[in-house]
Amino acid sequence: MRRPALAERLVPPFPAEFFRGADWILPLLVTLIGGLPRFWNLGRPDAVIFDETYYAKDAWSMYVYGWEHTWQAPAVADPPLAAHGTTLFSCTQTCPEFVVHPPFGKWVIGFGEQIWGLNPVGWRLMTAVLGTLAILIVARTARRMFRSTLCGCIAGLLLSFDGLAFVMARTALLDGVQMFFILAGFSCLVVDRDRTRARIIGQALQTSRLGPRPWRLLAGVCLGLATATKWNGVFFLVAFFVMSLTWDRGARRAIGVLRPTRETLRRDVPGAVLALPVTGVFVFLLSYAGWFLDTADGGGWDRFWAQANPPRGFPDIPFSRVITSWIPDPLRSLWFYLHEQYHAGVNITTPHPYMSNPWSWLVVGRPVAFYVGPPGCTASTRVCSEVLALGTPLLWWFGLAALPYLAWRWLARRDWRAAAILCGEAAGLLPWMHYAQRTIFSFYAVSFAPFVVLAATMTLAAIIGRADGRRPLRRAAGAAVAGAIVIGVVVMFGYFYPIYTGEPISYNDWLGHMWLPSWI
């Protein structure tokens, strides 16, 4: 591995890097700090909160039947479910449930239920595990990107004390699962970039192929799993596919290849297509294994649609009927099911009191109340208990303020790190603009929360400055400002902690936490 160029280091090495293993020990310590509160009283609230009414049940069904199963109505099923009830299916044999999301996230949530049982801790266990592991991954990724353990620790701390990531790690929803695999896929591509550039520059591979790239393949697996959790993962897959090829072109250009674009298209694109889109599609299909393996009539939704609908081809496309007749019936049935899923999902337009516009996500304009304990939070009540999916305001506001700096670093300095971070944020935010007419919620932003953290980390590193010995006062002042921001995020997280975990507080105290009218 080549030594990182001086220009790639925004801040000096953390002093503790001089002891062996600091690059792992310190991120692990930060992960422990962030992980403990994620598991502490994980069963609180001892209730089915928000969309857990869907995913806790669907997850259990996956292990009983292999596909989502119809349950009794929430008013009937949810109270005994929180009291560890397990026999609440609306029928005893085959009753498929139509769902708008792929199955992998439910397999993950259900794995926790198999370990701990069908109870609040069981269905939240795996989101807490993945939410904790995400801290380690973001810390290690930031360290690799910025060549500084200090930056890695800052990134890990910021994600540890982001309220949105924290709440999603303690709730059995699909978005926290998806965020983990998006971050893992991105991290694998960063490792692939480092190793590929070392090989290209070290051996001057101007025209030859680069050989096996296991980290890119692993990224394809992770991004395929992200898409198999929620359909919008495909936007990250496409964005990171282009980003990875851009890195390959930059590496070839750096060693003087005369036509780097042509060489990238010839040498790198085929392998990238296999490693990312093709692998992603394969993993996506594999996530439907339980649906495919069902052979009982009336099993998984639309499982036998093709048997009743012979191939008809596509209008105005010659031989399309012959071509579609070669597609196995299970795949045709799945294609129809996915088509129905997509259109059902994008046409969810029923008004909801907590729906929001995607632009408001960056300023935490309309957080979602996942849970409001009885008797509610009104002036007539003495005690309030709420779980509010609210990103730590200082972190998200600072992350928003960091975007112009990252844009400048990308456009004026051609900084690949700024471009990569902006790519991740754009893939998580911009597609939702197209679906703004749909009923959407601000907690979807957790998918790109790690990139908000990386944006804030890169900006804090610039504020700290480099220890070149020329401007010690400037660096001391920068370190003080950056330290104050990080401490401010931690303190603000502690202030909002009661409404992240559903702790009973007085009405006046609760109202004092509602800084904006749109938070109520």
Side-chain angles (χ1 to χ4, degrees), residues 10 134 137-139 141-142 145-146 151 154-156 158-159 162-165 168 175-176 178-190 193 219 222-223 226-227 230 232-244 246-247 356-367 389 391-436 440-462 489:
L10 293 182
I137 293 177
V138 82
T141 302
M145 293 176 69
F146 306 126
C151 287
I154 289 174
L158 292 179
L159 188 62
D162 172 42
L164 179 60
M168 298 306 294
D175 304 81
Q178 185 192 48
M179 179 271 282
F180 172 83
F181 286 102
I182 290 170
L183 174 61
F186 176 80
S187 178
C188 289
L189 289 177
V190 172
R193 178 191 180 274
C222 291
L223 295 172
T227 307
K230 291 190 72 174
N232 61 304
V234 71
F235 297 115
F236 289 93
L237 178 59
V238 172
F240 292 165
F241 169 73
V242 175
M243 179 187 72
S244 182
T246 303
W247 289 347
S356 60
N357 188 285
W359 287 115
S360 68
W361 299 352
L362 296 175
V363 295
V364 290
R366 184 57 172 164
T392 305
L394 179 58
L395 170 60
W396 283 78
W397 294 341
F398 183 75
L400 177 61
L403 294 182
Y405 169 70
L406 265 68
W408 173 77
R409 290 286 305 190
W410 170 36
L411 297 174
R413 296 294 183 88
R414 298 292 189 267
D415 194 317
W416 69 272
R417 296 161 298 188
I421 295 168
L422 291 173
C423 178
E425 287 205 48
L429 178 65
L430 295 183
W432 287 111
M433 304 301 176
H434 179 68
Y435 301 100
I440 53 180
F441 303 95
S442 60
F443 66 83
Y444 297 174
V446 76
S447 66
F448 61 89
F451 300 98
V452 174
V453 165
L454 291 173
T457 301
M458 187 169 183
T459 307
L460 289 172
V489 169

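Partners of Thr227 under the side chain to side chain donor-acceptor pair (under 3.5 Å) rule, at least two apart in sequence or in another chain, do not exist in this structure. With sequence neighbours excluded, no residue forms a side chain to side chain contact (heavy atoms under 4.5 Å, CB included) with Leu411. Contacts of Leu164 classified as side chain to side chain contact (heavy atoms under 4.5 Å, CB included), with partners at least two apart in sequence or in another chain: Asp162, Met168, Ala389, Trp396, Phe443, Ala445, Val446. Looking at residues two or more places apart in sequence or on another chain, you find no side chain to side chain donor-acceptor pair (under 3.5 Å) involving Ser442. Ala139 is linked by a side chain to side chain contact (heavy atoms under 4.5 Å, CB included) to Pro27, counting only residues two or more places apart in sequence or in another chain. In this structure, the side chain to side chain contact (heavy atoms under 4.5 Å, CB included) partners of Trp397, at least two apart in sequence or on a different chain, are Val363, Val364, Pro393, Trp515. Listed by chain and residue number, Trp416 satisfy the ring pair (Phe, Tyr, Trp, His ring centres under 6.0 Å) test with Trp247 (two or more places apart in sequence, or in another chain). Every residue meeting the ring pair (Phe, Tyr, Trp, His ring centres under 6.0 Å) condition with Phe181, not counting sequence neighbours, appears here in chain and number order: Phe104. Ser244 pairs by the side chain to side chain donor-acceptor pair (under 3.5 Å) definition with Arg216, not counting sequence neighbours. For Asp175, the salt bridge (Lys or Arg N to Asp or Glu O under 4.0 Å) partners are Lys230, not counting sequence neighbours.
Going from atom CD1 of Ile421 over to atom CZ of Arg409 covers 10.5 Å, rounded to the nearest 0.5 Å. Interatomic distance, Thr457 OG1 to Ile154 CD1, rounded to the nearest 0.5 Å: 6.5 Å. Atom CZ in Arg413 sits 13.0 Å away from atom CG in Leu406 (nearest 0.5 Å).
Shown here for Trp410 and Ala418, the closest heavy-atom pair between the two residues is N-CB, 3.9 Å. Closest non-hydrogen pair, Gly424 versus Phe448, comes out as O-CB, 3.9 Å. Heavy-atom minimum distance, Ala239 versus Ala427: CB-CB, 3.9 Å. Across Gly233 and Gln178, no two heavy atoms sit closer than the pair N-NE2, 3.3 Å. Here the shortest heavy-atom pairing between Ala184 and Cys222 reads CB-SG, 3.9 Å.
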Below 3.5 Å, can you tabulate the donor-acceptor pairs from side chains in residues 429-436 to any protein atom, sequence neighbours excluded?
| unit_1 | atom_1 | unit_2 | atom_2 | d |
| --- | --- | --- | --- | --- |
| Tyr435 | OH | Tyr342 | OH | 2.7 |

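Ser187 places no side-chain N or O within donor-acceptor distance of the main-chain N or O of Leu183, the cut-off being under 3.5 Å. Under a 3.5 Å cut-off, the side chain of Ser356 and the backbone N or O of Phe441 do not form any donor-acceptor pair.
Classification of the Phe236-Phe451 ring pair by plane angle, with boundaries at 30° and 60°, yields parallel.
The number of heavy atoms from other shown groups lying within 6.0 Å of CH2 (Trp359) does not exceed 12.
Between Met145 and Met458 there is no side-chain heavy-atom pair separated by less than 4.5 Å. Proximity of Phe186 to Leu454: side-chain heavy atoms (C-beta onward) are separated by under 4.5 Å at one or more points. Considering only heavy atoms from C-beta on, Leu362 comes within 4.5 Å of Glu425 through its side chain.
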Given Asn232 and Phe235, is the side-chain contact (heavy atoms from CB on, under 4.5 Å) satisfied, shown in steps?
CA-CA 6 Å; Asn232 61 304; Phe235 297 115; 4.0 Å; yes

Could you go through the side-chain contact (heavy atoms from CB on, under 4.5 Å) check for Ile137 and Phe180 one step at a time?
CA-CA 9 Å; Ile137 293 177; Phe180 172 83; 3.5 Å; yes

Could you please spell out the steps behind the side-chain contact (heavy atoms from CB on, under 4.5 Å) verdict for Leu158 and Leu460?
CA-CA 11 Å; Leu158 292 179; Leu460 289 172; 4.2 Å; yes

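With salt bridges taken as basic N to acidic carboxylate O contacts below 4.0 Å, one links Arg417 and Asp415.
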